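Since the structure comes first, as structure tokens, the remarks are kept for the end.
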Amino acid sequence: MHMSQTNIAILLSGRGSNAKKLMEIAQSDDFPGKIVVVISNNPDVAGLSIAKKFNIPTYTIDHRLYHGDRDGHEQEIVSILQKYNVQIICLAGYMRLLKHVLLEHYPRRILNIHPSLLPAFPGLNTHEHALERGVKIHGCTVHIVTPGMDEGPILDQRSVRVSGNDTPSSLADKVLAQEHELYPAALKNYLLQLNS
Ligand code: GRF
């Protein structure tokens, strides 16, 4: 039986460990989508090298070359996405806030992974904030991207326990291990739901 395939793009800015997990699951025969392009706003990052190993086309659209023209930067990304017929975008450590150009072209079609149990701790430095606040349960969230930062509808979450001797970096490691399981599973579910 031929599975219907959704064309997926990954946007990233750095290390790409979540992106790698998405690339891995997308290789399995029963995955209802294909990662057709990986785009970074930073040149020479590890995430781009990973994509090359998976033989996925990569692009760097360096925001610095747009001198604050956020719309122009996003418009260039959109033209690549259109060239590859992309239907779903996964942000995976993409460290830019999305403006209206991308969001208007892909409403409810952009997913993100965030390292906290939203709506707690939106924004940066989530593990520091979790420790400062003294929460005992922390985790990660996959959500749909909307104009508000880390505000869109939640698709799924995973939790970890915070222990007394956790540091921001030990907590980040624990959460990242959960992110690596959560994001591929949440993406797969989202695609299945889209296609049903
Ligand atoms: C992850 O913690 C993710 O939740 C956040 O940025 C980090 C990216 O890490 N949005 P990686 O590039 O996927 O390794």
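Just so we're clear, the structure is a prediction, and the values are computed from it rather than from any experiment. The residues of the chain are indexed from 1 along the displayed sequence. When a ligand or atom number is given, it counts from 1 through the structure's own listing order.
Using a 4.0 Å cut-off between a side-chain N of Lys or Arg and a carboxylate O of Asp or Glu, Glu74 and Arg70 do not qualify as a salt bridge.
The shortest non-hydrogen separation linking Cys140 to Val175 is CB-CG1, 3.9 Å.
Not a single N or O atom of Asn112, backbone or side chain, sits closer than 3.5 Å to an N or O atom of ligand 1. Geometrically, ligand 1 and Gly16 share a nitrogen or oxygen pair separated by less than 3.5 Å. Looking at ligand 1, you won't find any N or O of Ala92 less than 3.5 Å from one of its N or O atoms.
Between the side chains of Lys83 and Tyr59, at least one donor N or O lies within less than 3.5 Å of an accepting N or O.
Judged by the shortest distance from any of its heavy atoms, Leu12 lies outside the 4.0 Å radius around the atoms of ligand 1.
Counting only heavy atoms of the protein, atom 1 (C) of ligand 1 lies nearest to Glu179 OE1, 3.1 Å. Of the protein's heavy atoms, Gly93 CA, 3.7 Å lies nearest to atom 6 (O) of ligand 1. The protein heavy atom nearest to atom 10 (N) of ligand 1 is Ile113 O, 3.0 Å. At the shortest separation from atom 9 (O) of ligand 1 among protein heavy atoms lies Arg15 NH2, 3.0 Å.
Without hydrogens or angle criteria, Ser40 side chain to Pro43 main chain gives no donor-acceptor distance under 3.5 Å.
By the 4.5 Å heavy-atom criterion applied to side chains, His143 and Leu155 are not counted as neighbours. Between Leu191 and Phe31 there is a side-chain heavy-atom pair separated by less than 4.5 Å.
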